Protein chains: 2
Amino acid sequence: MALAQAIMTSLLDADLSGSELARDFEKSMGLFWQASHQQIYQELRKLADKGWLNKREVNQSGKPNKILYGMTQAGREALAQWVFGPTRIQPTKDELLLKLYNLSDDNAEHLVGEISQRREEVMQRLYLYEAIRRRHYDDPANLPVRHKGVYLALELGIHQGEQTLAWCDQALALLATVSGDSQPAR
Amino acid sequence: MALAQAIMTSLLDADLSGSELARDFEKSMGLFWQASHQQIYQELRKLADKGWLNKREVNQSGKPNKILYGMTQAGREALAQWVFGPTRIQPTKDELLLKLYNLSDDNAEHLVGEISQRREEVMQRLYLYEAIRRRHYDDPANLPVRHKGVYLALELGIHQGEQTLAWCDQALALLATVSGDSQPAR
DNA sequence: GCCGCGTATGCAAAAAATTGCATGAGAATC
DNA sequence: GATTCTCATGCAATTTTTTGCATACGCGGC
């Protein structure tokens, strides 16, 4: 399982607390890894126990204290090692596609709604990613090495998002022939 | 969780046994839902207990007996209902992208290998999907209603596969500037 | 001075998925 | 006829994830 590595990767550049990490996982990292705050807090403690992270409490004015975690040397080494290990993909599980397999005259209208909604969501994400690309990754060939990797992940997200938008349009067009044109029995 | 619905959807057209279902989940259904045989067998029994599936044993010559499952009326109704419920996406978790976030001079070469391998795998799947499309979904506008949904799911898989291929090429091109051109310190 | 709100951390039970193995039956091989 | 292979089904332990709270702190309002 790679939640540990996802967290450590987030901590490469900056020390973060559990809640900050949770927010991170909803944004950039969330493109290809997701975790709830409960998962994150538990994993953080495990990693600290292992000696891969160190923790220190930070007093904040106006907010509860937070616990900042940072990578240790051992953590960095373990992470670097992990890159050479086996790679797994856990492909998307998408209930919407499952629902499409159940397309019928009865539910076509409903599914049109769901696809429209999906289109909206994807569009939002796409705006976000494209904004990030414009701001930070204008000139990919001249990025520092590690950031090239980050850039590539972002690229994949953008490409797939665009493709998904196109697909939504195609789907809506095809479904129009189901929910719209079909002659009701008379 | 929607494993139950994924199984029932597979059983819409034909009664299948656990092992047949498991094979199905590796092929067409696997595009957007995956399950191990252990998961499937357990879920099948649960669904039969609920009365959504019926089971009957079938003797096979040359092979062990198998247990065929088929949808009951109650199952069909429950599935039809489910389509109108809330939809969840559990996005891909892809360790390769996580590894890319850790790109360095040390591991660039290794990651080039991994991306090439990914390219190969995606290409294989794409061949499969395109063959299916050519064989069964030549004329999408005139398909029976339900098959239009199946067609759309396939389309999404093909589009995204093609996009992924293009991305692999882009990634390999960018990484060539890391692992290849960089002057080793002397 | 009490109420509700947002932030930050956490526990614990339940559900789901993964890992590793077990069984039995016929077929194939030697 | 013993051994090994593949198919089909399954159990059980463990790990991972999800769900549903719980606590504590300070701020703002009233």
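Below, chains carry the letters A, B, ... as their sequence lines are ordered, and counting in each starts from 1. These numbers were taken from a predicted model, which means no experiment stands behind them.
Within the 4.5 Å cutoff, the side chain of B/L126 has heavy atoms near those of the B/E162 side chain. Within the 4.5 Å cutoff, side-chain heavy atoms of A/T9 are placed close to those of B/N102. Side chains of A/S10 and A/L21 form a contact here, defined as non-hydrogen atoms less than 4.5 Å apart.
For D/dT18, one of the phosphate oxygens OP1 or OP2 lies less than 4.0 angstrom from a side-chain nitrogen or oxygen of A/Q39. The phosphate of D/dT17 has OP1 or OP2 within less than 4.0 Å of a side-chain N or O from B/K93. Contact annotation: B/S36 does not reach the phosphate of C/dT19 (side-chain N/O to OP1 or OP2, under 4.0 Å). Taking side-chain N and O atoms only, A/R88 has a distance below 4.0 Å to OP1 or OP2 of C/dT19.
Between B/N65 atom CG and C/dT23 atom C1' the separation is 14 Å, expressed in whole Å. The nearest whole Å value for the distance from the CD atom in B/E26 to the P atom in D/dC7 is 12 Å. The separation between A/E43 atom CD and C/dG10 atom P is 14 Å, rounded to whole Å. Nucleotide D/dT23 holds its P atom 25 Å from the NZ atom of A/K66, rounded to whole Å. For the pair B/L16 CG and D/dT9 P, the computed distance is 11 Å after rounding to whole Å. B/L3 places its CG atom 16 Å from the C1' atom of D/dT16, with the value rounded to the nearest Å. When rounded to the nearest whole Å, the span between CD1 of B/I67 and C1' of D/dC7 equals 13 Å. For B/E20 and D/dC7, the CD to P distance is 13 Å, given to the nearest whole Å.
Taking for each of B/G18 and A/Q90 the nucleotide of DNA chain D with the nearest heavy atom, the 5'-most of the two is the partner of B/G18.
Each of C/dT18, D/dT9, C/dG10 was ranked by its minimum atom distance to the side chain of B/H37; first place goes to D/dT9. Closest to the A/S19 side chain, of the nucleotides D/dA8, C/dT9, D/dG10, is C/dT9. Comparing atom distances between the A/R23 side chain and each of D/dT19, D/dT17, C/dA8 picks out C/dA8 as nearest. When distances run from any side-chain atom of A/R45 to the nucleotides C/dT9, D/dT16, C/dC11, the shortest one goes to C/dC11. The side chain of A/Y41 approaches C/dT9 more closely than any other nucleotide in the set C/dT9, D/dT16, D/dT18.
Contact check on A/D94 versus B/R88 returns no salt bridge, with no Lys/Arg side-chain nitrogen under 4.0 Å from an Asp/Glu carboxylate oxygen.
Within the 4.0 angstrom heavy-atom criterion, base atoms lie near A/Q38.
A donor and an acceptor atom, one from each side chain of B/K66 and B/S19, are nowhere located under 3.5 Å apart.
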